[in-house]
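Written out below as structure tokens is the structure these notes cover.
Quick note: residue numbers are just sequence positions, from 1.
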Amino acid sequence: MYSSILTNLPWFGKNDWLINYTDSIEAPFNCPNCRVGDGPTKTIYQIPINAIVYYNNSYPDISNSQIEFLLNEVNEIYEANGVLIRLYLRCSIKHINDSKAFLTSMTQVNNTLGSDNEDDCLNIHFTNFDASLNLCGIARLPHNLPKRYSCAVNFNCGALTVTHEIGHNLGLPHTFNPQFTPVTGNCRNNCFQECVSRTRVQEGYCFFTSGKKKYEVNGDCFCDTHADINEGNNYNEQFASCFMNNGGIYNVSSTNTLANCLKWDNYGDQWYPQGTWFGVPFTNSMNNIMSYWSCKNQFTKMQRGAMYYYTKYYGLTLATYNNNNIFYSNIDVDGYENDNYYLNTLFWNPLLVNIMTVNTRQYHTFHHSYNPTSACDIDWVYFQNISATAKPYVIQTQEVIGKPKPDTKITLYSINTDGTLGSIIAANDNISGSNLFSKITTGNLAAWSSFAIKIENNITSISDTRSKGHYYLRIDACYEKTNVAITGSNSICSGSQQYTVSNIPINY
């Protein structure tokens with residue numbers, strides 16, 4: 001029997017629905033809570049992550065910074081593909097000395113997926129797998145209660161593996177098998193195989209989908225992911241091994257001949273490898289993150305829409321479906337996450353760490369954790385004196401009009417030449433005895449040097465509105481631009497005019 005979950009999806013058999021839905025989510029200025037001018041002008045689905053690291057004497061612990069950097073790489077993959085989803089660490093990372101650091105059976109894998117989880121977030125278990133399991137990661141679709149919104153990955157497999165597994169958590173099947181069907185054994189039958197042709201429709205004996213286009217009701221049910229027979233269609237390695245030479249290039253040799261490699265789908269259409277003179281039906285699937293090919297790096301438009309749909313309408317509670325959407329916010333999570341921990345900035349990649357341009361401001365907010373319920377967010381920002389001379393800087397937090405005011409503390413650090421955190425240069429809690437904001441006025445900071453700023457929230461109780469305060473961070477070279485006022489006539493060209501400049505800092 002075909003899965004009722006699949007057949008009840010609004011895009012089943014009518015992919016235009018999903019195309020229109022994706023367009024509506026990705027339209028600019030569709031987000032009333034977004035910070036127009038200081039942040040995204042589109043909806044951003046901010047999804048909290050509960051990261052659990054298992055370690056023991058044989059498998060060493062993984063640092064918080066390494067986990068944070070990996071999640072930033074996942075966010076970079078989303079950004080490169082236009083996916084309006086960002087992952088952020090709630091606040092802390094769990095480190096557990098446990099035998100789950102090395103899994104040798106599927107029973108252990110399933111037990112791990114069901115342990116140490118939290119509601120209303122995605123749970124990522126960092127572990128290691130025995131070679132016999134042939135796993136880099138494993139995840140549950142959002143229908144697989146009670147272990148949905150839980151995945152297990154080997155940290156060393158990298159960000160693409162995490163992105164692939166979270167894709168499952170957000171409702172994406174593989175591109176190569178009928179994920180939603182209970183079919184076992186040969187998946188090449190006429191009802192459940194996604195064929196090469198993009199025009200074929202189901203035959204009459206597939207009564208529940210008769211007359212519908214096969215790619216809309218089979219495989220992953222997305223018409224913009226091409227047919228993929230890497231796995232799941234009883235071709236295991238039989239066809240794939242014929243053309244995975246040299247990174248996916250078809251190689252005709254004494255064993256890899258066209259006669260040996262050519263296969264047919266259930267209509268008699270030919271499956272061809274990518275980039276040959278025979279045809280290119282695998283172009284999308286071989287590069288798709290939800291495939292198994294080594295060259296995967298892409299999501300399609302319909303896959304983006306499906307992830308938005310599951311994120312928005314299915315919620316992130318482990319036990320039951322919900323529509324509360326408490327994991328989705330443009331208010332209490334800023335666009336600079338993840339920045340809870342200091343990251344080694346040796347390579348200064350602005351896509352992976354928040355490198356701030358001097359003489360600008362950034363709009364930040366503090367978020368909180370649900371379990372335990374407390375305000376615990378810390379922000380890290382990096383900047384450089386890129387001039388050939390030493391300079392002073394003014395670093396300060398400021399009020400965002402109409403938003404809760406946080407009680408901030410800022411600390412300025414040097415950064416060593418190897419990218420590690422150096423010594424404290426200066427710190428400030430309050431500008432004055434009654435001011436919640438902070439300001440550091442430095443001496444001359446060395447030329448061509450790098451620096452880090454830690455911004456802490458002094459309020460931990462979420463019953464206090466300051467715990468989720470909003471603030472501007474400014475880094476200004478030499479003088480405080482926001483405190484200088486020039487007043488006078490706007491008619492600057494109509495004869496002699498007088499102007500007054502006030503609030504110029506002393507000695508400037």
Apply the test side chain to side chain contact (heavy atoms under 4.5 Å, CB included) to residues His470 and Thr365: give CA-CA distance (whole Å), side-chain angles for both, the deciding distance (0.1 Å), then the verdict.
-> CA-CA 4 Å; His470 297 214; Thr365 58; 3.3 Å; yes
Verdict with supporting geometry, Leu172 and Ile166, side chain to side chain contact (heavy atoms under 4.5 Å, CB included) | CA-CA 9 Å; Leu172 299 185; Ile166 289 177; over 6 Å; no
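In this model, no donor atom of one side chain and acceptor atom of the other lie less than 3.5 Å apart for Asp339 and Asn354. Side-chain contact annotation: Thr300 with Asp224, donor-acceptor N/O pair under 3.5 Å present. Checked by atom type, the side-chain pair His125/Tyr54 shows a donor-acceptor distance below 3.5 Å. Checking Gln108 against Thr104 by side-chain atom types alone, a donor-acceptor pair falls below 3.5 Å. Side chains of Glu68 and Ser65: a donor-acceptor N/O pair is absent below 3.5 angstrom, by distance only. Side chains of Asn288 and Thr175: no donor on one and acceptor on the other come within 3.5 Å.
With sequence neighbours excluded, the residues that form a salt bridge (Lys or Arg N to Asp or Glu O under 4.0 Å) with Lys468 are Asp332. Legend: residues meeting side chain to side chain contact (heavy atoms under 4.5 Å, CB included) with Lys14, ordered by chain and number and at least two apart, are absent. Scanning for side chain to side chain contact (heavy atoms under 4.5 Å, CB included) contacts around Thr357 gives Thr360, with sequence neighbours left out. For Tyr341, there are no ring-ring contact (aromatic ring centres under 6.0 Å, His included) partners at least two apart in sequence or on another chain. Remark: Asn457 pairs with no residue by the side-chain hydrogen bond (donor to acceptor under 3.5 Å, both in side chains) rule, at least two apart or across chains. Applying the ring-ring contact (aromatic ring centres under 6.0 Å, His included) rule to His367 yields the partners Tyr88; only residues at least two apart in sequence or on another chain are considered. A search for side chain to side chain contact (heavy atoms under 4.5 Å, CB included) contacts involving Asn111 returns Thr107, not counting sequence neighbours. Partners of Asn15 according to the side chain to side chain contact (heavy atoms under 4.5 Å, CB included) rule, which considers only residues two or more places apart in sequence or in another chain, are Trp11, Tyr215, Glu216, Cys223, Met302. Arg304 pairs by the salt bridge (Lys or Arg N to Asp or Glu O under 4.0 Å) definition with Glu26, not counting sequence neighbours. In this structure, the disulfide bond (SG atoms under 2.5 Å apart) partners of Cys136, at least two apart in sequence or on a different chain, are Cys157. Every residue was checked against the ring-ring contact (aromatic ring centres under 6.0 Å, His included) condition with Phe299, not counting sequence neighbours, and none meets it.
Aromatic rings of Tyr471 and Phe366 (six-membered ring for Trp) have centroids within the 6.0 Å cut-off, being under it. Aromatic ring centres of Tyr308 and Tyr21 lie farther apart than the 6.0 Å criterion allows.
A distance-only check finds a donor-acceptor pair linking the side chain of Thr127 to the backbone of Lys100 [under 3.5 Å]. At distances below 3.5 Å, not a single donor-acceptor pair connects side-chain atoms of Asn117 with backbone N or O atoms of Asn123.
Taken to the nearest 0.5 Å, the CG atom of Leu170 stands 11.5 Å off from the OH atom of Tyr45.
At least one side-chain heavy atom of Ile77 sits less than 4.5 Å from a side-chain heavy atom of Ile289. Taking 4.5 Å as the limit, every side-chain heavy atom of Glu337 sits out of range of all side-chain heavy atoms of Gln46.
For Ile386, the CD1 atom is loosely surrounded, since the number of other residues' heavy atoms within 6.0 Å does not exceed 12.
The two residues Phe383 and Met356 have their closest heavy-atom pair at CB-O, 3.7 Å. Scanning both residues, Pro48 and Cys121, for their nearest heavy atoms gives O-CB, 3.2 Å. Shown here for Leu113 and Ser150, the closest heavy-atom pair between the two residues is O-OG, 2.8 Å.
Arg86 and Glu76 are not joined by a salt bridge, as no carboxylate oxygen comes within less than 4.0 angstrom of a charged side-chain nitrogen.
The aromatic rings of Phe102 and Tyr59 lie parallel to each other, their planes meeting at an angle below 30°, with 60° marking the opposite boundary.
Residue pairs satisfying the salt bridge (charged side-chain N to carboxylate O under 4.0 Å, His left out) criterion with at least one member in residues 15-24, sequence neighbours excluded, are listed as follows: Asp23-Lys301.
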